[in-house]
Amino acid sequence: INNQNTIYVKAVFNKTDTLNLNFDTGTTELVLTNDVMKNKLKVAPELYNTFYDVRIGNHDYTTKVYDAELTGHGTDGRFGWDLFKGKFVELNYSKNIMVVHSQLPKYVLKDNAFSKLGITFFKGLIFVESKISHDGVDNTALFLFDSGYQRTAMLDNDLLKEGNFPAEKMKVIKKVMMRGAQGNEVPVITSDLQLLKIGKYELKDVPVQQITSNKPLHGANIHILGNEVLKRFDTFLDFQNNVIYLKPNHLFNAEYIEKS
């Protein structure tokens with residue numbers, strides 16, 4: 001994991017090209033940047049319909065390839081959760097390792113520190129239920145579980161309005177223009193949220209982003225959990241039973257990049 005909260009591993013694409021690839025639970029298949037495909041690969045891939053091998057660790061996966069202008073800092077592209085259907089993926093930030101298991105380690109179910117969240121699938125992506133609270137108002141909603149998003153959480157203004165959430169009472173930290181994966185501009189306000197609860201664990205005074213237009217998932221109003229929050233938990237993604245196990249690690253109380 002780098003200073004921008006991007007998690008990545010070495011992978012070999014098409015048996016010839018060694019790449020740094022972000023594990024992005026908020027996407028599917030394999031996405032490579034246009035620059036990498038043009039300047040780094042020995043052979044440019046055929047996009048969208050052709051399957052290619054990608055070796056991660058000691059296992060080969062097959063996936064189609066898509067293009068994007070941008071990807072996580074310091075990486076050549078990103079691969080999604082669906083490469084690991086039927087598997088158990090461990091993200092251990094305490095040891096800086098990613099492990100793909102064929103079975104869930106027994107100690108996970110015996111450790112009460114793990115919080116268990118059910119996965120809801122929408123448009124092929126992973127969502128979990130979480131709660132936000134501010135000035136006595138609670139909203140519980142589904143959040144995209146997105147290790148590829150580098151900040152804490154992104155809240156959708158239309159969803160906040162539906163839940164009568166007092167977004168206008170949140171202290172504004174800053175306003176910026178961010179860029180989406182295709183290079184599109186997204187106006188974002190960063191504000192101080194009093195409470196974010198994921199499973200049984202609470203994070204207080206979280207600098208969250210509010211998105212006002214150019215939404216990341218076209219045609220849908222969604223909240224997003226990003227890796228500046230998710231890295232605070234050692235994680236098991238159970239793609240057999242469609243649940244996620246989270247346990248706080250040494251980063252749980254780490255300072256946020258954008259402080260209130």
Side-chain angles (χ1 to χ4, degrees), residues 3-6 24-26 72-73 115-120 122-123 125-181 184-233 235 244 246-249 251-260:
N3 290 335
Q4 300 294 327
N5 299 311
T6 301
D24 181 355
T25 57
H73 282 78
S115 192
K116 181 179 178 182
L117 292 79
I119 293 174
T120 297
F122 175 66
K123 294 192 174 184
L125 299 175
I126 300 169
F127 288 76
V128 296
E129 191 174 88
S130 296
K131 185 175 81 172
I132 54 176
S133 302
H134 199 89
D135 276 8
V137 178
D138 298 341
N139 275 191
T140 299
L142 291 174
F143 285 68
L144 177 66
F145 192 94
D146 189 359
S147 65
Y149 178 52
Q150 297 172 335
R151 289 293 183 257
T152 56
M154 184 176 281
L155 305 182
D156 181 275
N157 268 4
D158 290 323
L159 276 185
L160 296 178
K161 288 174 186 173
E162 285 176 26
N164 294 314
F165 197 77
E168 72 284 352
K169 294 184 179 179
M170 293 195 294
K171 174 186 168 188
V172 174
I173 300 171
K174 72 177 190 177
K175 299 180 181 181
V176 296
M177 296 295 286
M178 293 177 66
R179 290 194 174 272
N184 54 307
E185 288 195 334
V186 182
V188 175
I189 300 167
T190 301
S191 304
D192 183 42
L193 174 70
Q194 288 173 351
L195 184 74
L196 171 63
K197 186 175 183 182
I198 307 168
K200 60 187 178 183
Y201 293 107
E202 297 182 346
L203 294 165
K204 296 179 180 178
D205 294 316
V206 182
V208 296
Q209 286 71 47
Q210 292 172 249
I211 187 164
T212 54
S213 61
N214 290 334
K215 301 191 179 189
L217 197 60
H218 294 299
N221 298 332
I222 62 164
H223 297 322
I224 299 172
L225 290 174
N227 216 48
E228 194 176 357
V229 160
L230 299 180
K231 73 176 184 180
R232 296 163 195 269
F233 301 92
T235 303
I244 295 174
L246 300 176
K247 178 182 178 180
N249 59 31
L251 298 171
F252 188 76
N253 293 313
E255 278 200 354
Y256 297 103
I257 290 174
E258 292 173 331
K259 284 295 292 173
S260 59

Asks: For a quick test of your reading: what N or O donor-acceptor pairs under 3.5 Å do the side chains of residues 196-203 make, sequence neighbours left out?
Replies:
residue: K200; atom: NZ; partner: N112; partner atom: O; Å: 2.4
residue: Y201; atom: OH; partner: A113; partner atom: O; Å: 2.5

Asks: Test of understanding: with ring pair (Phe, Tyr, Trp, His ring centres under 6.0 Å), list the residues that count as partners of H223, not counting sequence neighbours.
Replies: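 By the ring pair (Phe, Tyr, Trp, His ring centres under 6.0 Å) rule, H223 matches F143.
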Asks: Which residue pairs pass the side-chain hydrogen bond (donor to acceptor under 3.5 Å, both in side chains) test with at least one member in residues 224-233, sequence neighbours excluded?
Replies: N5-K231, Y93-N227
Asks: Which residues pass the salt bridge (charged side-chain N to carboxylate O under 4.0 Å, His left out) test with D146, sequence neighbours left out?
Replies: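 Partners of D146 by the salt bridge (charged side-chain N to carboxylate O under 4.0 Å, His left out) criterion come out as none, since no residue qualifies.
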Asks: Go through the structure and list residues passing side chain to side chain contact (heavy atoms under 4.5 Å, CB included) with Q4, not counting sequence neighbours.
Replies: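 For Q4 the side chain to side chain contact (heavy atoms under 4.5 Å, CB included) partners, ignoring immediate neighbours, are N2, T6, H73, Q150, R151.
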Asks: Starting at CG of D192, measure out to CD1 of I173 and round the result to the nearest 0.5 Å.
Replies: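 Answer rounded to 0.5 Å: 5.0 Å.
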Asks: How close do N3 and I257 get, heavy atom to heavy atom, and via which atoms?
Replies: O-CD1, 3.9 Å
Asks: Looking at residues at least two apart in the chain, or sitting in another chain, which of them share a side chain to side chain contact (heavy atoms under 4.5 Å, CB included) with S191?
Replies: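 S191 satisfies side chain to side chain contact (heavy atoms under 4.5 Å, CB included) with M170, V172, I189, Q210 only.
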Asks: Just jot down the side chain to side chain donor-acceptor pair (under 3.5 Å) partners of N139, sequence neighbours excluded, or say none.
Replies: none
Asks: Check ring pair (Phe, Tyr, Trp, His ring centres under 6.0 Å) between F165 and all other residues, then give those that pass, not counting sequence neighbours.
Replies: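 Residues passing ring pair (Phe, Tyr, Trp, His ring centres under 6.0 Å) with F165: none at all.
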Asks: Which residues pass the side chain to side chain donor-acceptor pair (under 3.5 Å) test with S130, sequence neighbours left out?
Replies: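 Side chain to side chain donor-acceptor pair (under 3.5 Å) list for S130, sorted by chain: empty.
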Asks: If the condition is side chain to side chain donor-acceptor pair (under 3.5 Å), which residues does S147 pass it with, not counting sequence neighbours?
Replies: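 In terms of side chain to side chain donor-acceptor pair (under 3.5 Å), with neighbours along the sequence ignored, S147 is linked to T25.
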Asks: With sequence neighbours excluded, tell me which residues meet salt bridge (charged side-chain N to carboxylate O under 4.0 Å, His left out) with K174.
Replies: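 With neighbours one apart ignored, the set is E258.
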Asks: Kindly write out the residues that satisfy side chain to side chain contact (heavy atoms under 4.5 Å, CB included) with D135, not counting sequence neighbours, or none if the list is empty.
Replies: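 D135 satisfies side chain to side chain contact (heavy atoms under 4.5 Å, CB included) with P166, K169, Q194 once adjacent residues are dropped.
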Asks: Counting neighbours of NZ on K123 that are heavy atoms of other residues, nucleotides or ligands and sit closer than 6.0 Å, is the number greater than 12?
Replies: yes
